[in-house]
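Here the structure comes first, spelled out in structure tokens, and everything after it is commentary.
Keep in mind the model is a prediction, meaning the values are calculated, not measured.
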Amino acid sequence: MVLTTLPISISPAKALTAITVIPQFPQNPKTLILHRCKTTRDLNQVHAHLIKTRLLLNPAITENLLESAALILPNAMDYALSIFDNLEQPDSLAYNIIIRSLTFKQSPLNAIVLFNKMVENSVQPDEFTFSSVLKACSRVRALGEGEQVHAHIVKCGFKSNGFVVNTLIHVYATCGELEVARQVFDGLPERNVMAWNSMLAGYVKNERWGEVVELFRKMLESDIGFDGVTLISVLTACGRVANLELGEWIGEYIEANGLKGNIALVTSLVDMYAKCGKVDKARRIFDGMDRRDVIAWSAMISGYGQANRCREALDLFHDMQKANVDPNEVTMVSVLYSCGVLGALDTGKWIDFYVKKKKMKLTVTLGTALIDFYAKCGCVDDSVEVFNRMPSVNVFSWTALIQGLASNGQGKRALEYFKLMQEKNIKPNDVTFIAVLSACSHAGLVDEGRNLFVSMNNDFGIEPRIEHYGSMVDILGRAGLIEEAYQFIRNMPIQPNAVVWRTLLASCRAKKNVEIGEEALQQIIRLENPHSGDYILLSNIYASAGRRGDALRVRNQMKEERIEKVAPGCSLIQVDGTIYEFFAENKVYPHSEEVYNATHDMMKQIEAAGYVPNTADGRLDAEEDDMQQASVSHHSEKLAIAFGLIRTRPGTTLRILKNLRVCTDCHNATKIISKVFNREIIVRDWNRFHHFKEGSCSCNDYW
DNA sequence: ATAGGGTTAG
């Protein structure tokens, strides 16, 4: 068909946004339609014109129209579909356009439906058709449909087509069918780098790290070469399995071959170093990048978090903002993690606010991070609030919520959510049960705990791990059933570890059981290098049983055997967004005098209210440094609370974070402080919370 | 017209 002059007259009342006059239909009609149609209405005009001039009978023109509607304009998919439906005999090109746009824009499932229709109508698919429909299968993880497409690929003779097979590998990998993907890969007569990369990416997606490394070695042997994309997959694996050797080799390769401009590649190098514990090296590489995008920043922030260097993570987040790089949901997840570890309530709240203000999508991951963050700051009501406003939740979110409630002493409420979770047909997993058992422990629900422990295996098919046994010991011990807990350990089908015995030892301290406490410490010593805390627990058991001589003997034994001391007692409190750090005794602070005076006054006031220092085992408690003979009244926790009392307005909740467990004397004192000063005091120790209020604590004096 | 890639949660 020869195109001649096409006068398009447009009535002034319905002026087009883009098109005014088209003096001549161009040689390539695509440029006209694609470039000048800015809105559906423009397209409508052109469409009308094409019908009027019968140009629509030309398939090439029709396809251009279709492509404009389906792929170029943002909201014209329905329009495209109506054009398509009116075609008498759409050819494969027309099908391809619609399948491709359905895949990416609207509904991958409909793309698959259309592909089947295409086959029914005996229109020959080509490599473009297969690639598109396979992408659709990947997006909805439609394994069965993918397999059917696979059959057509074989029938139509495309099973060696690089493009098609690549996408096919992708489908199988996305659906977790790595063995099938590998068969397809192995069956290729010629494998280019893309094919290898797809296979590697498939292993990465399924966290089969060992296979990534293995396949990469084969790739090196096969002499096919590799590229930056290959290295990204391999570096990801190196990070996860801590294969620093291979990771460093790749790092040198990147350096030597001038690949440092590949921002994605260098980011995965940063990630690899961070995950292998070389955070400083990661930071040097990060600093050496000539451009850093949001992913690079997020990777480095997350690296600090994983290395337990959360303050640096937050500092870096601050730098990121100064660099004017907008954070995304992923960045926020890492920042919230660090906020949670540090108990940085203000910063995390700010993130929550920012997420709302910027209308960021509350993804499952981000929501779960918020739930966990609030719970780690002792604000479980906020956790629940976040949970309720999340558009969708998964087992991670439920588990975070249940765990958060449990660790904050709300065991019963945690179990209610567990029940609700089952009503919503969300299948709990092994970690959920750790949370649930911990809830039973906090709520003192022994029978419930026993039943759940049995049920997790019988009804949910989850084999209890050592952590579950540990939780069960905690449940029994907390309820005072020390003997039963001991027998439970003895009868465990798997080898108990030191953590389990330590749990028992802690319960012996709370319930003053000397005999089993002694046994527990023996077992810990047998299994691993004991902590000084273990000796201190036993020493406290003796002290509380009035056996002061034995208590001192254990302390001396600890010294003689040069048991490594735990980190010195340290408490953090945030006042007006600043984190203040306190250590037990003999430390000088910027506000030393103020702090010690405040502590002195505070102790005087609670003594007047009936507080008696527990010198008997207080002197031997966790935070003591025996060389210094520190006084219990100068435990870091008391200093932090005293500081909080004078630096905040009356009635303000005090939030303390400490690195060790709370000592008996501090626990007792804090209860009285909460009453005398009428303050809520929330203390987070190394694994649980104490909510002090009106003279009592949420832990019911067991921790 | 079509291919593979980096950061995230319990």
Side-chain angles (χ1 to χ4, degrees), chain A residues 30 63-64 67 70-71 93 96-97 99-101 103-104 126-135 138 161-170 173 192-202 204-205 226-236 239 262-272 274-275 286 289 292-303 305-306 327-337 340 363-373 375-376 383 390 393-404 406-407 428-436:
Chain A
K30 189 169 166 180
E63 275 140 26
N64 282 313
E67 194 174 345
L71 293 163
L93 284 153
N96 286 354
I97 291 164
I99 291 176
R100 194 148 52 98
S101 39
T103 301
F104 295 110
D126 60 16
E127 62 179 295
F128 299 106
T129 324
F130 285 126
S131 300
S132 296
V133 73
L134 286 172
K135 275 221 175 81
S138 288
N161 180 298
F163 282 101
V164 173
V165 172
N166 232 352
T167 349
L168 189 59
I169 291 173
H170 196 72
N192 60 14
V193 173
M194 296 281 195
W196 287 85
N197 286 352
S198 294
M199 195 62 231
L200 286 168
V204 168
K205 215 166 258 154
F226 54 83
D227 63 11
V229 179
T230 321
L231 297 181
I232 289 172
S233 289
V234 182
L235 281 172
T236 307
N262 183 338
I263 186 165
L265 179 55
V266 179
T267 299
S268 56
L269 187 64
V270 167
D271 179 58
M272 182 280 296
K275 287 203 168 69
F286 175 82
M289 293 173 79
R292 297 173 202 96
D293 62 7
V294 57
I295 304 182
W297 283 96
S298 306
M300 193 63 232
I301 291 171
S302 136
Q306 287 163 28
N328 64 15
E329 294 95 336
V330 179
T331 321
M332 295 320 202
V333 170
S334 292
V335 174
L336 283 167
Y337 172 81
T363 58
V364 179
T365 314
L366 178 55
T368 305
L370 274 167
I371 291 172
D372 187 52
F373 153 74
K376 285 207 170 93
S383 297
M390 282 169 70
V393 293
N394 66 8
V395 62
F396 275 70
S397 330
W398 284 98
T399 306
L401 185 64
I402 292 168
Q403 177 59 49
S407 65
N429 63 20
D430 54 340
V431 185
T432 315
F433 273 99
I434 292 174
V436 169

What is the separation between atom CE on A:Met390 and atom P on B:dG10, rounded to the nearest whole Å? 13 Å

Flag as yes if A:Phe163 stacks onto the base of B:dT2 (centroids under 5.5 Å, planes under 30°), otherwise no. yes

Taking any heavy-atom pair under 4.0 Å as a contact, classify A:Ser302: base, sugar-phosphate, or nothing. sugar-phosphate

Side chain A:Asn262 and base B:dG6 donor-acceptor under 3.5 Å: no

Check every atom of B:dA3, B:dA1, B:dT7 against the side chain of A:Met194 and return the nucleotide holding the closest atom. B:dA3

Answer with base, sugar-phosphate or nothing: what part of the nucleic acid does A:Thr432 contact at a heavy-atom distance below 4.0 Å? base

Checking B:dT7, B:dT8, B:dG10 against the side chain of A:Thr236 (C-beta onward), the nearest is B:dT7

Quiz question: by atom type and distance under 3.5 Å, do the side chains of A:Asp227 and A:Asn197 form a donor-acceptor pair? yes

Checking B:dG10, B:dG4, B:dT7 against the side chain of A:Lys376 (C-beta onward), the nearest is B:dG10

Kindly confirm whether the side-chain ring of A:Tyr337 is stacked on the base of B:dA9, judged by centres under 5.5 Å and planes under 30°. no

Base, sugar-phosphate alone, or nothing: which one does A:Leu269 contact when heavy atoms must sit under 4.0 Å apart? nothing

Could you please name the option among B:dG4, B:dT2, B:dG6 that lies closest to any side-chain atom of A:Val229? B:dG4

Remember a base hit wins even if backbone is also touched, and classify A:Asn161 as base, sugar-phosphate or nothing at under 4.0 Å, heavy atoms. nothing

Checking all strands, does A:Thr167 fall into the base, sugar-phosphate, or nothing category for heavy-atom contacts under 4.0 angstrom? nothing

Taking only the side-chain heavy atoms of A:Ser198 (C-beta and beyond), determine which of B:dG5, B:dG4, B:dA1 contains the nearest atom. B:dG4

Please pick, from B:dT7, B:dA9, B:dG5, the nucleotide with the shortest atom-to-atom distance to any side-chain atom of A:Ala264. B:dG5

Of the nucleotides B:dA1, B:dT7, B:dA9, which has the atom closest to the A:Leu93 side chain? B:dA1

